[in-house]
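Atoms considered below: every heavy atom in the structure, side chains included; atoms not considered: hydrogens, waters and symmetry mates. In what follows, chains are A, B, ... by sequence order, proteins preceding strands, each numbered from 1.
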Amino acid sequence: MQPRLTRAFFARPVLEVAPELLGCTVSHAGVTVRLTEVEAYDGSNDPGSHAFRGRTPRTRVMFGEPGGLYVYFTYGMHWCANLVCGPTGAASAVLLRAGEVVAGLEVARRRRAGVIDRDLARGPARLAMTLALTGDQNGMDTLDTDCPLVIRLPVAGTWSGRAGGAGSPGGTVRTGPRVGVSGPGGQAAAYPWRFWLEGEATVSPYRAGTPRPPKPVGRSREQ
DNA sequence: TTGACGATTAGCT
DNA sequence: GCTAATCGTCAAC
């Protein structure tokens, strides 16, 4: 069994932590997912981050200790999970965007009936659903030995190899613009802070953030 | 108290 | 390709 990640691992700058989370496994509620795609959010300086506007009741967890689990609710129906990184108070976090179910496949299939295996954790909300992560898990310290959510280093030699490589646990790491991030001024998407493993089928499809339409002025209904 | 918006997804055309 | 679903959060009154 691979060792769990440590506080020191998460306490580093988020841009160092994020790519190293690829290939790590996350286990919760009977399902284990191997991370294939993540995104970095750098709290204080990042217009795309929830923490950009400072500490609020919702972002309290982001300002806490590294290794904390930040789960937020969005679009009225979806939960997304982040791991808090950097020194305490930095409010940086890594969004778990996608992964491959490597254990507990039956549990995952039951939880997400009608979904093909590849899509079980392909996308941040699907990943959270497959791991049964909701607001109830928000604020958990994943480094606590009693924490039901466990993150472990990549298992050497068990990389699926579906990318064609007899690969290292992590495979080849690619970077690119973050998905669906608009933010003030539309600048946030410019940061190439999305990391994924090349050739992985479970990496979510890229979509650019939807630019905010200009506010209608005066008239009730135009065109 | 109100209103706009969202780190998405599924189900359409 | 487009859009409805659906509600917590936060800024502005």
Spacing of [X] atom [atom1] relative to [N] atom [atom2], expressed in whole Å:
| X | N | atom1 | atom2 | answer |
| --- | --- | --- | --- | --- |
| A/R194 | B/dA7 | CZ | P | 16 Å |
| A/R60 | C/dC10 | CZ | C1' | 17 Å |
| A/W79 | C/dA5 | CH2 | C1' | 17 Å |
| A/M129 | C/dT6 | CE | C1' | 14 Å |
| A/M77 | B/dG11 | CE | P | 12 Å |
| A/H78 | C/dT9 | NE2 | P | 16 Å |
| A/N82 | B/dT8 | CG | P | 11 Å |
| A/F52 | C/dC10 | CZ | P | 15 Å |

Strictly by Watson-Crick or wobble contacts shorter than 3.5 Å, is anything paired with B/dT1, and which nucleotide is it? C/dA12
Hunt down the Watson-Crick or G-U wobble partner of C/dT6, both distances under 3.5 Å, from any strand shown, or write none.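 Paired with C/dT6, as far as the under-3.5 Å criterion goes, is no nucleotide at all.
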What's the closest nucleotide to the [X] side chain, out of [options]?
| X | options | answer |
| --- | --- | --- |
| A/T74 | B/dT8, C/dC10, B/dA10 | B/dT8 |
| A/R112 | B/dT8, B/dA7, B/dA10 | B/dA10 |
| A/R126 | C/dT9, C/dA5, B/dA10 | B/dA10 |
| A/Y72 | C/dT6, B/dA7, C/dC10 | B/dA7 |
| A/A125 | B/dT9, B/dA7, C/dT9 | B/dT9 |
| A/V179 | B/dT8, C/dC10, C/dG8 | B/dT8 |
| A/F73 | B/dA7, C/dC10, C/dC7 | C/dC7 |

Below 4.0 angstrom from OP1 or OP2 of [N], is there any side-chain N or O of [X]?
| X | N | result |
| --- | --- | --- |
| A/R97 | B/dT8 | yes |
| A/R53 | C/dT9 | no |
| A/H50 | B/dA7 | yes |

For A/F73 and A/W79, take the angle between the two ring planes, folded into 0 to 90°, and tell me which bin it lands in: parallel under 30, tilted 30 to 60, perpendicular over 60.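 Answer is tilted, since the angle falls between 30° and 60°.
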Taking the C1' atom of each, how far is B/dA7 from C/dG1, in whole Å?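 Pairwise C1' distance, B/dA7 against C/dG1, rounds to 23 Å.
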cation_pi(A/R60, A/F63) dist<6.0 Å, angle<=45: no
Centroid under 5.5 Å and tilt under 30°, A/Y75 to C/dA5: no
I want to check something: taking the side chain as every heavy atom from C-beta on, are [X] and [Y] in contact at a cut-off of under 4.5 Å?
| X | Y | result |
| --- | --- | --- |
| A/V84 | A/N82 | no |
| A/L120 | A/L105 | yes |
| A/F9 | A/I151 | no |

Is any side-chain N of the basic residue among A/R97 and A/E39 closer than 4.0 Å to the acidic one's carboxylate O?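 Yes.
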